[in-house]
Amino acid sequence: MDIITRMSVGCMSKKKKTSDELDIYKSIRKPMPPPTKVIPDKRHKLKEEWFEEQTEQDLQQVIRDKGQAVRVRFAPSPTGYLHIGGARTALYNWLFAQKNKGSFILRIEDTDRTRSTEEAIEAIISSLKWLGLDWDEGPYRQTERFSLYHGTAQRLLDEKKAYFCYCTPEELETRREEALKAGIPPRYDRRCRALSSEQRRVLERERKPAIRFACPLEGVTTISDLIRGEVHFENRLLDDFVLLRADGSPTYNFAVVIDDKAMEITHVIRGEDHLPNTPKQVLLYNALNSEPPLFAHLPMIVGPDRKPLSKRHGATSIEEYRNKGYLPEAMVNYLALLGWSLDEKTTLISRNELIEKFSLERVSKAPAVFDIGKLEWMNGYYIRHTPVKRLVAEIIPFLERVGYLAEAPDKRKMSWLERLVFLEQERMKNLAEIIKLADFFFKDVEWDPKSVEKILSAPEVPKVLSMATERLESLDRFDSRGIEKTLRSLQKELGFHPREVFQPIRVAVTGRMVSPPLFETLELLGKRRAIDRLRRAQKILPRSSA
RNA sequence: GCCCCCAUCGUCUAGUGGCCUAGGACACCGGUCUUUCAAGCCGGCGGCGGGGAUUCGAAUUCCCCUGGGGGCACCA
């Protein structure tokens, strides 16, 4: 079936109710023009295969036919914590690997020795583990691979595809600034590209050279991005970028290419900020006579002001979210949907379904605003749907951190904690909130002046509180059922609105107007503490009710 | 200055020429439940940046404009 037939069939099958009129239009409709033919770029051999009609399925078929397993990598530079954006990139890579039964590789891009730290590596790894993004290979380190870079650079030098450059970083910087000021594109002027060996000898005496790539001066490099389609770059506008620094360390563009090639990476899934680097890398693959991987450039994640996500916008690292009590499954769910969608309605989606359904095809092209509010809602949802036992386990460290839990809870305490968490579960948007929500369970009550003023100043309060105290005191089994029975009958007896008797008790016992359900709260507090608080509350009643 | 990407409710998004009176989710607003707060349920508000072109028909295709973003390092 050719493309045109396939398309019209597709259209018709989509229609549910077809009016006669429309059918007539359809029959006289001009056939769709074939997709515009683009002249294949010899430099990028893969392009013809990934022609625009290709679907993800076709693509995966091709990969299978080639007997090529999917291999993707996450390659952070260890200069800080794992950021939201990096985490999403890692997630998409991981999902893609899982979906395609391929390999997910972790590689640390630490060629910049001055900015890379061991702590950052640790932090990134710990965040990845917390998110559940386990890798099949690595972590590899670029600093461990210098000889490979040197060998390749030598080869390019021999083939005249690279050359020594004797300009110093300082010279370059001043030229760059001048260019910028003059309003001309700040590119390297290629002055060392055509140096004679005599000139080189002279310069070599006092300067250590860097090695630059001899970029083709004409032609077009086309990259075929899985998310964006074809993107064209004019070679003459590209730069003779540095491959190896004077100190022998490789630059990013050089190292990625060599590593991705050595590790047989099939799909490079990374942030859109790398798009302008891609033609340089493709050119390098060409120079090395190897096929570039497939590229997929993810849209950026931005703040509410559409500027790159930064500390100004609040927490940006995964670790911070972890410390605030976000659940990894909420994080994964939210991040997955930040730039990808399954269909017109799916908002909550499990990790397994994500693996099953993820596709690069459905990644959106536009930058996404990180919406903390939605993340919070989603986290609340996950908290509500997490088994209490697991929730307790997650919450214990938060309690310990503020000193609400001095020692490991015994069985009794554990069951008490479970009942408490059960009560607070549907009120928490993140785990750390338990501290404020439930503080009156862990330390003595502090009566909030506003609540006291508003609730305890009513004339019936003294009576309500004293009677409630009395009745509760006579209870043998201080459980929520008995408490409820007692207090409800008291309320009926007094002929007050439920609110008029329960709110004063709540304030007396918790110190504020908002708490979990009253009867359960009283039970959890225990008879002794409950009665004690009720008694003491009666002594601090505002004068208007006295 | 040059190159590149992007553009649907406030936000995340669905949408690939007629199923669109543009769908879902968060947020917001109302109602309901209720001893408070949540949660839940029901309902509401709210959007195709602008202009041309193609077509019987455009959110959807093409061009221009505008706006946003990324990049232009011996950073990654």
Side-chain angles (χ1 to χ4, degrees), chain A residues 11 14-19 21-22 24-26 28-30 75-77 79 109-112 114-115 165 167-169 172-173 176 179-180 182-188 210-212 225 228 231-234 237-239 241-247 249 251-253 255-256 271-277 279 297 299-300 302 304 306-308 334 337-348 364-371 373-378 380 384 424-428 437 455 487-488 491 497-503 505-507 510 512-519:
Chain A
C11 283
K14 266 174 64 183
K15 280 191 67 66
K16 271 177 203 142
K17 39 182 184 190
T18 309
S19 78
E21 201 184 7
L22 289 175
I24 292 164
Y25 281 137
K26 214 165 277 159
I28 60 168
R29 186 178 58 179
K30 283 193 257 169
S77 68
T79 53
E109 311 249 315
D110 57 352
T111 55
D112 183 355
T114 56
R115 298 202 304 154
C165 170
C167 304
T168 64
L172 260 14
E173 184 53 31
R176 197 173 153 257
L180 236 25
I184 40 177
R187 249 172 284 139
Y188 177 58
I211 297 175
R212 279 182 189 274
D225 189 279
R228 275 147 229 283
V231 187
H232 309 274
F233 295 88
E234 282 190 68
L237 300 174
L238 265 22
D239 215 348
F241 56 97
V242 168
L243 264 22
L244 279 188
R245 290 184 264 258
D247 70 358
S249 63
T251 58
Y252 167 75
N253 279 311
V256 249
E272 195 194 338
D273 47 338
H274 287 288
L275 196 51
N277 282 320
H297 288 96
M300 305 302 280
V302 297
R306 302 255 159 208
K307 297 265 186 274
Y334 179 72
L337 256 27
L338 197 63
W340 177 85
S341 63
L342 175 58
D343 51 34
E344 63 275 303
K345 54 176 183 293
T346 305
T347 307
L348 271 353
S364 101
K365 292 189 239 199
V369 174
F370 184 76
D371 181 3
K374 190 159 184 175
L375 205 212
E376 267 182 2
W377 162 79
M378 199 173 271
R384 270 173 260 133
E424 302 287 12
Q425 187 172 26
E426 63 192 39
R427 273 157 260 266
M428 285 187 279
L437 250 24
I455 301 296
L487 293 181
R488 279 204 196 279
Q491 171 244 320
H497 186 96
R499 183 184 297 121
E500 293 172 303
V501 0
F502 299 146
Q503 276 302 76
I505 300 176
R506 184 190 313 282
V507 172
T510 68
R512 53 189 180 230
M513 295 183 282
V514 173
S515 86
L518 184 62
F519 313 127

Whether [X] contacts [N] is assessed here as follows: a side-chain N or O lying under 4.0 Å from the phosphate OP1 or OP2. Is that the case?
| X | N | answer |
| --- | --- | --- |
| A:T111 | B:A76 | yes |
| A:R499 | B:U34 | no |
| A:R306 | B:G10 | no |
| A:S515 | B:C37 | no |
| A:S341 | B:A14 | yes |
| A:R212 | B:C74 | yes |
| A:K307 | B:G69 | yes |

Considering Watson-Crick and G-U wobble pairs with both distances under 3.5 Å, what does [N] pair with?
| N | value |
| --- | --- |
| B:U35 | none |
| B:G44 | B:C28 |
| B:C2 | B:G71 |
| B:U21 | none |

Pair of N/O donor and acceptor under 3.5 Å linking B:A76 base with A:N277 side chain: yes
Where the side chain of [X] is concerned, which of [options] is the nearest nucleotide?
| X | options | result |
| --- | --- | --- |
| A:A366 | B:C6, B:C74, B:G1 | B:C6 |
| A:R427 | B:C72, B:C6, B:A38 | B:A38 |
| A:R228 | B:C5, B:C26, B:G69 | B:C5 |

Using a 4.0 Å heavy-atom cut-off across all strands, classify [X] as base, sugar-phosphate, or nothing.
| X | answer |
| --- | --- |
| A:L237 | sugar-phosphate |
| A:P186 | base |
| A:G339 | sugar-phosphate |
| A:K374 | base |

From OH (A:Y252) to CD (A:E109), nearest 0.5 Å: 6.0 Å
When the [atom1] atoms of [M] and [N] are compared, how many Å lie between them, rounded to an integer?
| N | M | atom1 | value |
| --- | --- | --- | --- |
| B:G49 | B:U66 | C1' | 8 Å |
| B:A27 | B:C2 | C1' | 41 Å |
| B:C56 | B:G44 | C1' | 37 Å |

Can you confirm whether the side chains of A:R506 and A:Q503 place a donor and an acceptor under 3.5 Å from each other? yes
